[in-house]
*Asks:* 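What follows is a single structure, and I will ask about it in a moment.
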There are 2 protein chains.
Amino acid sequence: MGTSPAPDYQLEDQVGHLLRRAYQRHLALFQGIMGEDGPTSMQFAALVTLWRQGPLSQNLLGRGLAMDPPTVKGVVARLMARGWVTRHRDPADARLLRVALTPAAEAALPGWVEKARGITAATLAPLGPADAARVGTLLRRME
Amino acid sequence: MGTSPAPDYQLEDQVGHLLRRAYQRHLALFQGIMGEDGPTSMQFAALVTLWRQGPLSQNLLGRGLAMDPPTVKGVVARLMARGWVTRHRDPADARLLRVALTPAAEAALPGWVEKARGITAATLAPLGPADAARVGTLLRRME
DNA sequence: TGGCTATCGTTAGCCTGCAAACAATCGGCT
DNA sequence: AGCCGATTGTTTGCAGGCTAACGATAGCCA
C-alpha cells in the first residue's frame, strides 16, 4: 500500500510543463519555416543581435541573449563553421573575442528576418491579436 | 553599405525569446528548490506520471510527457541509475519495456510533489492570482 | 502459412544548456 | 614595479532535445 498519488497535482496544469510545451512547439515551427539552410533559433538570435549592435565580444553577445559562456562558445563555433561569422582577438583588450557578421550573413539576414516574423505569427496563431499582446506582457513579467 | 538592420524587429519582443526566458527562469527555480538530491525537472515529470498512471511502457511514458524516444531513453536510464525506477520487458509483448517506480521513489514522491507546488508558485510569483490563471489558459491554447 | 505494415526501442549525430574548475589578461592600488 | 581582484574565455562533464536510420516484434490479412 504505497502512498496514493496526490490527486490534485496535475502535471499538465503546471506552468513549467505549459512553458516547455509552448516553447517546444515554437522551436518546431521555427525549424520548419526557417528550413534546412537557415539558422537555428539560437543562431538566428545571435545573428540578429550582431546585425543590430555591430561586432560584440563573445561575452557581451551571450549576455544579450541570456546564454552562458560555454553555450555561446558552441553557438559561435557553429556560426563560424557555417561561414556567417568571424572571430578575432580585440587588439585593445586581449581577453576579448570580437564576433562579427560576414557579408554572406548580412546578405541573408533580411530574408531571415521576414521568416522570423512569420514564425512569431505562427506561434501566436492560436490566439487573437489581443491575447497575443496579453501573453507577451505576462511572459515579460515572468522573466 | 550593408542593408541596415530591420529597425522594428526587436528580439526581446518575440514570443520565442520570451518563452525561452520564462522557461529558463522556471528551470533555475526548479533546480534551486528541488536541490541536489532531488530529481531534475524532466525526471520529476516522469516520476509523477508513473505515480499517477502506474507502470508504463517507455513509449507511452514519453507520449505523456511530450518526449521523443531517444530522450525518454536517456531520462529513464538516469532514473534507473539513481535507483528510482526499474525497467523490464513486458512478458505479453516483447517490444515493450515496462518502467516502474521503486519503493524509494514512492517514498520520496510526496515530499517532491510539495516542493513542486512551491516551484510552480515561485514561477508565477511575479503575477497575481488572476494573471497566473490567465497565463495558464493562454499557454494551453499555444501548445 | 507467409508476408506487410505498424509499433517499439536503439544508435548515431547534432544542437542547446548548466555548473565547476581553470588560464589568461586587465585594471587599479600600493 | 608588483600584487590583487575582476573580467573573459576555455574545458570537462552532465542533462535534455531533435532527426534519421535501423533491428525486432506484433497483428492483420491474403
Side-chain angles (χ1 to χ4, degrees), chain A residues 16-17 19-32 34-36 38-47 56-82 84 87-99, chain B residues 16-17 19-32 34-36 38-47 56-82 84 87-99:
Chain A
H17 187 254
L19 285 170
R20 174 173 165 273
R21 295 278 284 139
Y23 185 50
Q24 197 177 39
R25 172 169 162 274
H26 165 77
L27 288 180
L29 290 168
F30 195 103
Q31 191 182 1
M34 204 58 93
E36 291 284 327
T40 66
S41 165
M42 291 318 293
Q43 287 170 10
F44 174 72
L47 293 172
L56 291 175
S57 77
Q58 231 177 240
N59 205 290
L60 233 55
L61 177 59
R63 226 172 293 171
L65 301 172
M67 279 195 289
D68 46 62
T71 304
V72 184
K73 181 184 167 48
V75 171
V76 169
R78 287 181 284 273
L79 286 173
M80 276 196 302
R82 299 245 241 166
W84 292 333
R87 216 182 54 164
H88 297 291
R89 293 229 92 95
D90 188 313
D93 185 338
R95 294 170 302 178
L96 308 185
L97 280 176
R98 281 170 67 81
V99 182
Chain B
H17 187 254
L19 285 170
R20 173 172 166 273
R21 296 279 284 141
Y23 185 50
Q24 199 178 40
R25 171 168 163 274
H26 165 77
L27 288 180
L29 289 169
F30 195 104
Q31 191 183 2
M34 206 56 93
E36 291 284 326
T40 65
S41 164
M42 292 317 294
Q43 288 170 10
F44 174 71
L47 293 172
L56 292 176
S57 77
Q58 231 176 239
N59 205 289
L60 232 56
L61 177 58
R63 226 172 294 171
L65 301 171
M67 278 194 290
D68 48 62
T71 305
V72 183
K73 180 182 166 50
V75 171
V76 170
R78 286 180 285 272
L79 286 173
M80 276 197 302
R82 300 245 242 166
W84 290 333
R87 215 181 54 164
H88 297 292
R89 291 228 93 94
D90 187 316
D93 186 339
R95 294 171 300 178
L96 308 184
L97 281 175
R98 281 170 68 78
V99 182

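Quick caveat, the model's predicted, so the values are computed rather than measured. Chain naming here is simple, since letters A, B, ... match the order of the sequence lines and numbering starts at 1 in each.
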*Asks:* Give the rounded distance in Å between these two atoms: CG of B:L96 and P of C:dA6.
*Replies:* 18 Å
*Asks:* Does B:R98 reach the side chain of B:L56, with side-chain heavy atoms less than 4.5 Å apart?
*Replies:* no
*Asks:* Atom CG of A:L61 to atom P of D:dT8: distance rounded to whole Å?
*Replies:* 13 Å
*Asks:* Taking side chain to side chain contact (heavy atoms under 4.5 Å, CB included) as the criterion, tell me which of B:R25, B:H26, B:R20 meets it with B:Y23.
*Replies:* B:H26
*Asks:* Which residues pass the side-chain contact (heavy atoms from CB on, under 4.5 Å) test with A:L96, not counting sequence neighbours?
*Replies:* A:S57, A:D90, A:D93
*Asks:* How does protein contact run along nucleotides 18-23 of chain C, one letter per nucleotide 5' to 3', with B for base contact, S for sugar-phosphate only, - for none, heavy atoms under 4.0 Å?
*Replies:* BBB---
*Asks:* If the sugar-phosphate is the primed atoms plus P, OP1 and OP2 and the base is the rest, what is the B/S/- string for nucleotides 1-7 of chain D, using protein heavy atoms under 4.0 Å?
*Replies:* ------B
*Asks:* Atom CZ of B:R98 to atom P of C:dC8: distance rounded to whole Å?
*Replies:* 14 Å
*Asks:* Looking only at side-chain N and O atoms, does A:T40 come under 4.0 Å of OP1 or OP2 in C:dT16?
*Replies:* yes
*Asks:* Which of the following nucleotides, C:dT10, D:dT10, D:dA26, is nearest to the side chain of B:A94?
*Replies:* D:dA26
*Asks:* Which residues pass the salt bridge (Lys or Arg N to Asp or Glu O under 4.0 Å) test with A:R21, sequence neighbours left out?
*Replies:* B:E143
*Asks:* Classify A:V75 by what it touches in the nucleic acid, base, sugar-phosphate, or nothing, heavy-atom distance under 4.0 Å.
*Replies:* sugar-phosphate
*Asks:* B:L97 CG to D:dA26 C1': how many Å, rounded?
*Replies:* 15 Å
*Asks:* Give the table of side-chain donor-acceptor pairs shorter than 3.5 Å for residues 68-81 of chain A, with sequence neighbours excluded, one pair per line with atom names and distance.
*Replies:*
residue	atom	partner	partner atom	Å
A:D68	OD1	A:T71	N	3.4
A:D68	OD1	A:T71	OG1	2.8

*Asks:* Can you list everything that forms a side chain to side chain donor-acceptor pair (under 3.5 Å) with A:R82? Sequence neighbours excluded, please.
*Replies:* A:Q43
*Asks:* Kindly check if the number of other-residue, nucleotide or ligand heavy atoms within 6.0 Å of CD (A:Q24) is above 12?
*Replies:* yes
*Asks:* Assign each of A:P69 and B:G74 to its nearest nucleotide of DNA chain D by heavy atoms, then name whichever residue's nucleotide is nearer the 5' end.
*Replies:* A:P69
*Asks:* For A:Q43 and for A:D93, locate the closest nucleotide of DNA chain C by heavy-atom distance; then report the residue assigned to the nucleotide nearer the 5' terminus.
*Replies:* A:Q43
*Asks:* Just verifying a value: how many Å separate A:L29 CG and A:S41 OG, rounded to the nearest 0.5 Å?
*Replies:* 11.5 Å
*Asks:* Write down the distance between OH (A:Y23) and C1' (D:dC18), rounded to a whole number of angstrom.
*Replies:* 13 Å
*Asks:* Can you tell if the side chain of B:R89 reaches within under 4.5 Å of the side chain of B:L97, non-hydrogen atoms only?
*Replies:* yes
*Asks:* Using atom CG of A:L27 as one end and atom P of C:dC14 as the other, report the distance to the nearest whole Å.
*Replies:* 20 Å
*Asks:* Could you state the atom-to-atom distance from CE of A:M42 to C1' of C:dG17 in whole Å?
*Replies:* 10 Å
*Asks:* Which nucleotide wins on minimum distance to the side chain of B:R89, given the candidates D:dG9, C:dG9, D:dA15?
*Replies:* C:dG9
*Asks:* Give the rounded distance in Å between these two atoms: CG of B:L19 and P of C:dT16.
*Replies:* 17 Å
*Asks:* Between A:R87 and D:dT10, is there a contact of a side-chain N or O with OP1 or OP2 at under 4.0 Å?
*Replies:* yes
*Asks:* What's the closest nucleotide to the side chain of A:R78 if the choices are D:dT10, D:dG16, C:dT16?
*Replies:* C:dT16
*Asks:* Please set out all donor-acceptor pairs under 3.5 angstrom arising from side-chain atoms of residues 58-67 of chain B, sequence neighbours excluded.
*Replies:*
residue	atom	partner	partner atom	Å
B:Q58	OE1	B:R87	NH1	3.1
B:N59	OD1	B:R63	NH2	2.8

*Asks:* Across the strands shown, which category fits A:S57 at heavy-atom distances under 4.0 angstrom: base, sugar-phosphate, nothing?
*Replies:* sugar-phosphate
